[in-house]
S.K.: 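One structure, as structure tokens, below. Some questions next.
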Protein chains: 4
Amino acid sequence: MPRVSPAHMERRREAILNAAMEVFIAKGYQVATVGDIAQQAGLSVGAIYRYFPTKADLMLALVRERLGRAPALFARLTARVEDPWERLVRCVELFTAALRVRHPGTGRLLLVTMAEAVQNGEVRRGLHDRFAGLADYVAGIIAEGVARGRFRPDVDPRTVAALLLSMADGVAVYWVTGAPDLELNAMGQSLVAMLRSYLLPEPLLKE
Amino acid sequence: MPRVSPAHMERRREAILNAAMEVFIAKGYQVATVGDIAQQAGLSVGAIYRYFPTKADLMLALVRERLGRAPALFARLTARVEDPWERLVRCVELFTAALRVRHPGTGRLLLVTMAEAVQNGEVRRGLHDRFAGLADYVAGIIAEGVARGRFRPDVDPRTVAALLLSMADGVAVYWVTGAPDLELNAMGQSLVAMLRSYLLPEPLLKE
Amino acid sequence: MPRVSPAHMERRREAILNAAMEVFIAKGYQVATVGDIAQQAGLSVGAIYRYFPTKADLMLALVRERLGRAPALFARLTARVEDPWERLVRCVELFTAALRVRHPGTGRLLLVTMAEAVQNGEVRRGLHDRFAGLADYVAGIIAEGVARGRFRPDVDPRTVAALLLSMADGVAVYWVTGAPDLELNAMGQSLVAMLRSYLLPEPLLKE
Amino acid sequence: MPRVSPAHMERRREAILNAAMEVFIAKGYQVATVGDIAQQAGLSVGAIYRYFPTKADLMLALVRERLGRAPALFARLTARVEDPWERLVRCVELFTAALRVRHPGTGRLLLVTMAEAVQNGEVRRGLHDRFAGLADYVAGIIAEGVARGRFRPDVDPRTVAALLLSMADGVAVYWVTGAPDLELNAMGQSLVAMLRSYLLPEPLLKE
DNA sequence: TATGAATGAGCATTCATTCAT
DNA sequence: TATGAATGAATGCTCATTCAT
């Protein structure tokens, strides 16, 4: 007979996770202390441990519940776009917007998480799942474009998808360490131009 | 063993740096202990401190003396290639080879370093210098290609260079966390194809 | 055992301070380890740090809260004595008793503290405050004696007070290093005799 | 067949001892490092160990060869003075001058040494020897004054001597920690006045 | 003999985790 | 349930001492 409702517990769990993300982003996983997180969440250390058995579980939950949802999120937000090329462009825009506006912490969390993945197998697996999910999604778009004759026929969807995602995460990670001269919008536009010339057959002749 | 030759001291310094790189790559900066590094170097803890005043200085030296030399290294190794397009392709190949064969630890070091850069201003500056140096170099190649009429005239060299390097480091970082399905060679070839279609004006008509 | 009463925390703080005093007295500040203090207090190392942020703060607290209270203590314990001469004599007795019976560790603490004061400005300031406080008090007694015509008119209260206190602390410090032949009582009596002949005008004629 | 002359070795030994005194005075025994001393002496660490087997031996030598010579020094410098009272006054002057001009470091060395004596039996014994030597000498003067009828007959030479020396060392030690308001000259004069009124029978009637 | 690099035990301090209240 | 005091293992760094050169 719990005193608090499951909803309340869920809300508190989320609050702790948000606090942990904030703190991990600011300090990195190793440097962040459970006390920092408790303070950020406005709770006591003990309370954290009621929701997450160890500090490592906080990181893992973030990987799975924040980063891990990126594939589903992308799918949902680009589902309405019919044309594969438009959908691909939408993905690039979405990523740029996410990095700059919607979830500016995600890039940093990605970096912090990658660093932890070196050591921690479960974190590594979580990251790979996210990458694989996103790559599958993008590869699907490309494959569809190829199938429909919209894209050049000789592209390898999986490889190009991996390339795109690597670039995206590379940008995220540099952007996030405060690299001085990264103009996200310009980079997005150049990327789209590059993809257009690569994927769309003879576009220059017509346009 | 005092009054050793400067050469001996330099060799030992390098050995310690190598040991530190090994250990940082394997565990990450925070988790690695100075004892680990000493053990890896076959020295005592105190000996480490004769060459590097703090653990942080080890990291910083790695950033500056390993990662930071990448621009000069790339410049040297591609200097002979005359044609800008060939030189760009050479860079991609070089990077792929470096990641896989020559300096397989560098990618990991890059990741570990990025994670530390979140916290450590000096490390961050070191990374930015490396990125800026590489970006300058690649942008120079592209600008030259544009100037010579070899590349499409409307590309923005700096933006494309940043994009390329982000992708490269993104790949490095994923490759390094052991992402399962990254086929470096295939990715390199696709990237070259993409660049060709983007940079070279109407190459398809002739070739 | 959280949410303990402030009284409990204060008691524990005092216990730690007592333990620190014990250990510092026995080993000196530099040689004493925080582990020693924890053991003496029957606590863990970590517990010490909940009450005092650094080892140096333990010393400082002792200087301020043990030694620094001497002026107030002396004032309180001799306040009732009306006659300046009697009060002075009372001070000498008090000091002798304190050294031998009441606070036998204080002399040692004084020594250990002085040694630390060479290096540590805050400790030095604490010691000077104590000395100045005691000197003010004793000088006040002497000045009052002079003003009332009870003492010889040409004595300089501040200088004599400083002299007295130097002697007192000199005795304390030697007593404490275990100097073999210091007979505290005899020394106190001789001091009183010396003061009598110096301060009281022509007492020998009458008595 | 030593390469260097015994005289050279003795000179070097003295130089090391001087350096050690300088450093101990500035930092205290525990905080001073053998490296500090070597640097101050312009030698290598190893050289120090050729002359003194351990760091502790440096301190001990200082106690014995610097502080321990005080009794002989005082005896020598006051030997010419015939009258016991004059000789006593001379001692006070000597002490004041020594503290301020001749050997300004001695006070500090005394303090540092006392602190070490808490722990170190040999140092303690050295200090006690010095104290006993000085006390014997002063007590001898007083006893002589009594015997000659120059001093009040009821003084206890040993106790008064101990009192005087405690005061002297107390002053030294406070002076040395930088106590702000200690006017050595004024204190010396007051002390002489106090001693005169105590020791010399009815001086007031004549002077 | 002199040097100073190397050793490694030792210490102040931190922090994940526990558990009495 | 929540709190936060207590625990104690772990870590970066120092320094007396040794000894190869």
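So you know, we letter chains A, B, ... as the sequences are listed, proteins then strands, and number each from 1.
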S.K.: Taking 4.0 angstrom as the limit, do Arg66(B) and Glu14(B) come out as a salt bridge?
M.R.: yes

S.K.: With sugar-phosphate meaning primed atoms plus P, OP1 and OP2, does Ala32(D) contact a base, only sugar-phosphate, or nothing at under 4.0 Å between heavy atoms?
M.R.: sugar-phosphate

S.K.: Among the candidates dA6(F), dT17(F), dT3(E), find the nucleotide nearest to the side-chain atoms of His8(C).
M.R.: dA6(F)

S.K.: Nearest 0.5 Å, what's the CG-CZ distance between Asn18(D) and Arg13(D)?
M.R.: 11.0 Å

S.K.: Keeping Asp36(D) on the side-chain end and Thr33(D) on the backbone end, is there a donor-acceptor pair under 3.5 Å?
M.R.: yes

S.K.: When rounded to the nearest 0.5 angstrom, what is the spacing between CG in Leu62(D) and CZ in Phe24(D)?
M.R.: 6.5 Å

S.K.: Among dA6(F), dC15(E), dT17(F), which is the nearest nucleotide to the side chain of Thr33(A)?
M.R.: dC15(E)

S.K.: Checking Tyr29(A) side chain against Ala56(A) main chain: does a donor-acceptor pair fall under 3.5 Å?
M.R.: yes

S.K.: Compare the minimum distances between each of dT1(F), dA12(E), dG8(E) and the side chain of Ser44(B), then state the nucleotide with the smallest one.
M.R.: dG8(E)

S.K.: Grab the two heavy atoms, one from Ala32(D) and one from Val23(D), that are nearest each other, plus how far apart they are.
M.R.: CB-CG1, 3.4 Å

S.K.: If I take atom NZ in residue Lys27(C) and atom C1' in nucleotide dC11(E), what distance separates them, rounded to the nearest angstrom?
M.R.: 12 Å

S.K.: Return no unless some side-chain N or O of Tyr51(B) is found under 4.0 Å from OP1 or OP2 of dA6(E).
M.R.: yes

S.K.: If I take atom OH in residue Tyr49(D) and atom C1' in nucleotide dT1(E), what distance separates them, rounded to the nearest angstrom?
M.R.: 18 Å

S.K.: Nearest-Å distance, CZ (Phe52(A)) to C1' (dT18(E))?
M.R.: 19 Å

S.K.: Could you state the CD-P distance from Gln39(B) to dG12(F), rounded to the nearest angstrom?
M.R.: 13 Å

S.K.: Kindly say whether Val118(A) contributes a backbone atom to a donor-acceptor pair with the side chain of Lys27(B) at under 3.5 angstrom?
M.R.: no

S.K.: Is the shortest side-chain N to carboxylate O distance from Glu22(A) to Arg108(A) below 4.0 Å?
M.R.: no

S.K.: Could you check how far CD1 of Ile48(B) sits from P of dA5(E), rounded to whole Å?
M.R.: 15 Å

S.K.: Tell me which of Gly46(B) and Val34(C) sits closer to the 5' end of DNA chain E, going by the nucleotide each one is nearest to.
M.R.: Gly46(B)

S.K.: Residues of residues 11-25 of chain A with any non-hydrogen atom less than 4.0 angstrom from an atom of DNA chain F: list those, numerically ordered, please.
M.R.: Arg12(A)

S.K.: Looking at DNA chain F, which of residues 53-61 of chain C put a heavy atom within less than 4.0 Å of it?
M.R.: none

S.K.: For the helix from dA2(E)-dT21(F) to dT21(E)-dA2(F), what angle lies between the axis at the first five pairs and the axis at the last five pairs, to 10 degrees?
M.R.: 0°

S.K.: Is a side-chain donor or acceptor of Asn120(C) paired with a backbone partner of Ala117(C) at a separation under 3.5 angstrom?
M.R.: no

S.K.: Tell me the interatomic distance from Tyr29(A), atom OH, to dA16(E), atom C1', rounded to whole angstroms.
M.R.: 9 Å

S.K.: Among dA16(F), dA2(E), dT3(F), find the nucleotide with the atom closest to the side chain of Arg50(D).
M.R.: dA2(E)

S.K.: Without swapping roles, check the side chain of Arg64(D) against the backbone of Leu60(D) for a donor-acceptor pair under 3.5 Å.
M.R.: no

S.K.: Quick one: on DNA chain F, does Gly42(C) or Gln30(B) contact a more 5' nucleotide (nearest heavy atom)?
M.R.: Gly42(C)

S.K.: Determine the minimum heavy-atom distance between Leu17(B) and Ala61(B), stating which atoms define it.
M.R.: CD1-CB, 3.9 Å

S.K.: Is a donor on one side and an acceptor on the other found under 3.5 Å between the side chain of Arg130(B) and the backbone of Gly68(B)?
M.R.: no

S.K.: Select base, sugar-phosphate, or nothing to describe what Val45(D) touches, counting heavy atoms under 4.0 Å on all strands.
M.R.: base

